Structure formats: C-alpha cells, structure tokens
Amino acid sequence: MKTIMRPLALLSLLTATFLAWTAPGASAAVTIERVVSPGGIEAWLVEDHSIPLIAIHLAFRGGTAADPAEKNGLATLVSGLLDEGAGDLDSQSYQRKLSDLSIDLKFDAGLDEFRGSMRTLTQNRDQAFELLRTALAEPRFDAEPVERVKGQILTIIAGDADDPDEIAQRVWWQTVFPDHGYGRDPLGSPDTLARIDQDDLKGFTKGHFAKDRLLIGVVGDISPAELAPLLDKTFGGLPATGMADTVPKATLSGAGKTIVVKKPVPQSVILLGGPGIDRSDPDYYAAAILMDVLGGGFGSRLTREVREDRGLAYSIGADLASYDKASLVVAQTATQNERAKDSIAVIRQVWGDLGKDGPTQAELDDARSYILGSYALHFTNSLAIASSLVSLQLDHLPIDYPQQRTALFNKVTLEDMKRVAKRLLDTAVLTWVVVGQPVGLSDTP
C-alpha cells in the first residue's frame, strides 16, 4: 500500500509543482500537445522517445473532502485497494502481473482530487494500460484485501496519535474547518472505517471515476497517433458524468486562537496559518514571491530571524496552499519548549512587519530569481512532468501556460508586493497550534 499523506503534507508537493513551471526556458524543455481520442477523451502529452518508458498521471476531480462524514476515509481506502485485484485477477494475481511486467502503478486521494499514476516500459504498454483500465472500471474489493488495507490505515492512525507533527496538523485543520470536509482526517477513524463496506467502495468508483471529472497527462515514448486509441480503450468505458460536487466553499474559523496540546516531548511543534489567496487571483504571483521572501528558504526573513540570528529553531518555512474550496497561508517550525514563546513572538513580529511595510526591491528580485531558476530542482522525471501536466489542468490553466509564466512573474512590481503584503500578512487572523510542553504558553479563546 502506498503512503497516505495528510492535507498539510501536500504543501511541499504544491510548491514543487508550482516552481516546476517557472523556470526560464521551461517552454523550450518540453512541448505539450493536446491529444483528443476518437471518443473525445483529452490528454496532454509530452512526447519523448529518448528512453523506452511511458508515464501517465491522471486525476478525477473530487477527493477526501467529499467523503460522507459517517464514512470518512472512504476515498483513502479506495486508493489503497485499486491495485488489490481487478477484473478476473485477484489481489495476488494482479500484483504478480504488475511485478512481472515491471509496471509501477499507484493511487492517492487528496482533498480535492483522486490521483493515479503509472509508469511502464514501452514494450509492455498495451498490457499496462489494460491493467489500469480494469483497476478503474472493474475493481474487485474482495473481503481479504479490504480488511487488510483497513488494518494498514488503522496502524497509521494509531502511530500518528503520538506524532507531534501529525497532532499539530490534525488539530489545526479541525480548528480552522470544524464543519467542513477539510477538517476531517482523510484517513478516517476506526468507527468510520468500520462502517465502509463493498457497496460503498463500488459506489465511490461509479460516482467519482467519470469522464467529465477526468484529467490526463502522459510523458514518454508514445506518439499522439498511438495514444489516442489507447485513451478510448482505457477510459472509454467509464461513465460520461459523475456525481455532483456537493462540497461547499469553506469559511475559515479560529482566527486569533492559540491552541496548546500538551505532549511530553522535548520540542514544541508550532503550526500557524490563515486565509490565503485563490490560485485564479491576479495577485497570486505577487503572493507567491512574497511567501518566498517570508519563509521560502535560507534567505527568507523567518529563517534569518528565527534560525540564524537567534538560533530558536533548526528550520522554519511558510507557503501558500490553494485548494478548490479555500486558500491558505501556513507556516511551521519546531523549537525547544523553553523557547517556544520567544519563537512565536519573533514570528509574529516578522510576519507583521512584512505585512505592514512589504519587502525591499532586493528581496523581490532575489525571491523572483530563485523561483524562476528552480526548474532543475523540481522537474526531474517523467512522472513528475506528467503530474505537472495534470496539475495545470486542475488549476484551469491553459496548455501554453509554461511559456507565459516567466512573464507573469516578471510583471510583479514592488508596489504590487506591498499591496499584497498588507492584504495577506495580518497576524490577527492567524490560528496557532502548539504541541509539546511550551513554557509560558496556554490556550487563548
């Protein structure tokens, strides 16, 4: 079974995808083609015949936030079961087939989408795509693998119960989104997992795995003419439309709160965040640069003030996270219990000062240069490229977006940065969660 990530852990992936498409020359590195099958199924393709490999990444809109509250964890459980038997192959037979053909197949459930990825040798292409087809259209959900995967998830839940980082994330999300799917643990709970049966699993696939929700990215040793019929063979049998999107827009709660979770550990984990900025907002590019100035790396203000000048923490970071139903700005660090209060005071000061005055021109230039020069660090293999193709589509961005992106960042002015800083960096709206034994800190209303 693949590793299950909680929502906040996705921030690093979002950043990687975001940076991957910002480098100068990115448009020269890849050429994206739109391929439409005879049956009308669309995929974005980066053709590369240098090695005999094909990678495909796909997503269906709708993720863990759409789980029924009483059966929370449904999407995550499905993600762990799709490669545990499909069609006429039981779990062992299906896994053996993947192994014999050297096919790498994975599925993951996120807050807003359900993703899958596959990598195969060109010579095994047709068999690999057929195995993908059966996983999506004919999953078995036999009793043995269902109980086994449930057990694996329960083991993760039990282990996370004592992990300060996981506790901080879980409490923060529950506090900020108390009445929304975003606030529920995507892994579910012992009670909700126990309620999920085979009918629920099959109902999920029928409602979610539909062509009107489907986005596809393909990279590697395949031409448009070869890909088009494969799209119909693999996805053509899925329903034309899926269930309606019933997840409402999320309103953030907990502004100004500090929640202390006592845990006998030597360090306090500090997690904070507040309202962010929508991915479609014209100010998004200024906000992305601003967050790099604030907490994007070793040259950021938070790193300089918290780590380098005062030695309060080994690392600290801040970032944007834009979801379908809410947008966030978040930061996290860990420090000695005796220094947690001082760390929070410094973070507040840095956060507030940048919000009030904005960055300097030098900070703008340095952060923008870093973002525009990060291509090679985040865009390293065929699956990463295929994932980025899908992320572009999930964000409703055009196929020529890589060619546009450098210009969009270069348009950001210092005046834009100052305006967005005032809009985004308000310490009064932050929600803080501290897990540990912080000296001198307690809950606030």
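Quick caveat, the model's predicted, so the values are computed rather than measured. Side chains are part of it too, since the values below use all heavy atoms of this structure and drop only hydrogens, waters and symmetry mates.
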Participant: How long is the span from the CG atom in Leu364 to the OG1 atom in Thr413, to the nearest 0.5 Å?
Facilitator: 8.0 Å
Participant: Less than 4.0 Å between a side-chain N and a carboxylate O, is that true for Glu130 and Arg133?
Facilitator: yes
Participant: Is Asp67 reaching over with its side chain to a backbone N or O of Ala75, donor-acceptor style, under 3.5 angstrom?
Facilitator: yes
Participant: For the atom pair CG (Leu77) and CG (Leu82), what is the distance rounded to the nearest 0.5 Å?
Facilitator: 9.5 Å
Participant: Is a side-chain donor-acceptor pair under 3.5 Å present for Ser327 with Asp278?
Facilitator: yes
Participant: Using the side chain to side chain contact (heavy atoms under 4.5 Å, CB included) rule, take Ile54 and Leu227 through it: C-alpha gap first, then chi angles, then the decisive distance, then the call.
Facilitator: CA-CA 11 Å; Ile54 301 168; Leu227 177 60; over 6 Å; no
Participant: Just verifying a value: how many Å separate Met291 CE and Leu354 CG, rounded to the nearest 0.5 Å?
Facilitator: 9.0 Å
Participant: Tell me whether Lys202 is salt-bridged to Asp199, with the criterion being a basic N under 4.0 Å from an acidic carboxylate O.
Facilitator: no
Participant: Which heavy-atom pair separates Asp281 from Arg423 by the least distance, and what is that distance?
Facilitator: OD2-NH2, 2.7 Å
Participant: Heavy atoms only: give me the nearest Thr444-Gly256 pair and the separation to one decimal.
Facilitator: OG1-O, 3.6 Å
Participant: Look at the side chain of Thr192 and the backbone N and O of Ser189, then say whether any donor-acceptor pair between them is shorter than 3.5 Å.
Facilitator: yes
Participant: Can you see whether Ser391 engages Arg115 through a side-chain donor-acceptor pair at a distance of less than 3.5 angstrom?
Facilitator: yes
Participant: Students often mix this up, so state it plainly: with edges at 30° and 60°, are the rings of Phe177 and Tyr182 parallel, tilted or perpendicular?
Facilitator: perpendicular
Participant: Report yes if some heavy atom in the side chain of Phe114 is under 4.5 Å from a heavy atom in the side chain of Val78; otherwise report no.
Facilitator: yes
Participant: At their closest point, which heavy atom of Arg279 faces which heavy atom of Ser322, and how far apart are they?
Facilitator: N-OG, 3.7 Å
Participant: Provide the closest heavy-atom pair for Phe141 versus Thr205 in the form atom of the first, atom of the second, distance.
Facilitator: CZ-CG2, 3.8 Å
Participant: Do NZ/NE/NH1/NH2 and the carboxylate oxygens of Asp416 and Lys411 come within less than 4.0 Å?
Facilitator: no
Participant: Output the distance between atom CD1 (Ile289) and atom CG (Leu320), rounded to the nearest 0.5 Å.
Facilitator: 11.0 Å
Participant: Within the side chain of Ser388, is there an N or O that forms a donor-acceptor pair under 3.5 Å with the backbone of Ala384?
Facilitator: yes
Participant: Are the side chains of Arg125 and Leu230 in touch, meaning some heavy atoms are under 4.5 Å apart?
Facilitator: yes
Participant: Salt-bridge test for Asp245 and Arg61: reply yes if a basic N is under 4.0 Å from a carboxylate O, no otherwise.
Facilitator: no
Participant: Counting only N and O atoms by type, is there a donor-acceptor contact under 3.5 Å from the side chain of Glu226 to the main-chain atoms of Ser223?
Facilitator: yes
Participant: For side-chain hydrogen bond (donor to acceptor under 3.5 Å, both in side chains), just list the numbers for Asp353 and Gln349, CA-CA rounded to whole Å, side-chain angles, deciding distance to a tenth of an Å, and then say yes or no.
Facilitator: CA-CA 6 Å; Asp353 287 348; Gln349 186 67 47; 3.0 Å; yes
Participant: May I ask you to check if Arg213 and Phe60 form a cation-pi contact, with NZ or CZ under 6.0 angstrom from the six-membered ring centre and within 45° of the axis?
Facilitator: no
Participant: Rounded to the nearest 0.5 Å, how far does CD of Gln393 lie from CD of Glu113?
Facilitator: 12.0 Å
Participant: Can you tell me if Thr335 uses its side chain to pair, donor with acceptor, with the backbone of Ser343 under 3.5 Å?
Facilitator: no
Participant: Treating Arg301 as the side-chain partner and Leu294 as the backbone partner, does any N or O pair qualify as donor plus acceptor under 3.5 Å?
Facilitator: no
Participant: Between Gln361 and Asp365, do the side chains contain a donor N or O and an acceptor N or O under 3.5 Å apart?
Facilitator: yes
Participant: Hey, mind stepping through Ile222 and Thr122 against side chain to side chain contact (heavy atoms under 4.5 Å, CB included) and telling me if it holds?
Facilitator: CA-CA 8 Å; Ile222 189 168; Thr122 306; over 6 Å; no
Participant: Do other residues, nucleotides or ligands put more than 12 heavy atoms under 6.0 Å from the CG atom of Asp126?
Facilitator: yes
Participant: Could you tell me whether a side-chain N or O of Thr333 sits under 3.5 Å from a main-chain N or O of Ser315, the two making a donor and an acceptor?
Facilitator: yes
Participant: Quick one: closest heavy-atom pair of Leu414 and Pro359, and the distance?
Facilitator: CD1-O, 3.3 Å
Participant: Under the side chain to side chain contact (heavy atoms under 4.5 Å, CB included) criterion, do Ile347 and Leu272 qualify, and how do the steps go?
Facilitator: CA-CA 10 Å; Ile347 294 168; Leu272 61 136; 4.2 Å; yes
Participant: Taking Trp172 for the side chain and Thr431 for the main chain, is one N or O donor matched with an acceptor at less than 3.5 Å?
Facilitator: yes
Participant: Decide yes or no on side chain to side chain contact (heavy atoms under 4.5 Å, CB included) for Lys233 and Phe129, but give the supporting numbers first.
Facilitator: CA-CA 8 Å; Lys233 289 179 182 178; Phe129 274 80; over 6 Å; no
Participant: Check for me whether the distance between the ring centres of Trp173 and Tyr323 falls short of 6.0 Å.
Facilitator: yes
Participant: Are the side chain of Thr303 and the backbone N or O of Gly299 linked by a donor-acceptor pair below 3.5 Å?
Facilitator: no
Participant: How close do Thr64 and Ala109 get, counting heavy atoms only, and between which atoms?
Facilitator: CG2-CB, 3.8 Å
Participant: Salt bridge or not between Asp108 and Lys106? Use side-chain N to carboxylate O under 4.0 Å.
Facilitator: no
Participant: Give a yes or no on this: more than 12 heavy atoms of other residues, nucleotides or ligands lie within 6.0 Å of atom NZ of Lys341.
Facilitator: no
Participant: Taking Lys71 for its side chain and Asp200 for its backbone only, find out whether a donor-acceptor pair lies under 3.5 Å.
Facilitator: no
Participant: CG of Leu383 to NE2 of His57: how many Å apart, nearest 0.5 Å?
Facilitator: 8.5 Å
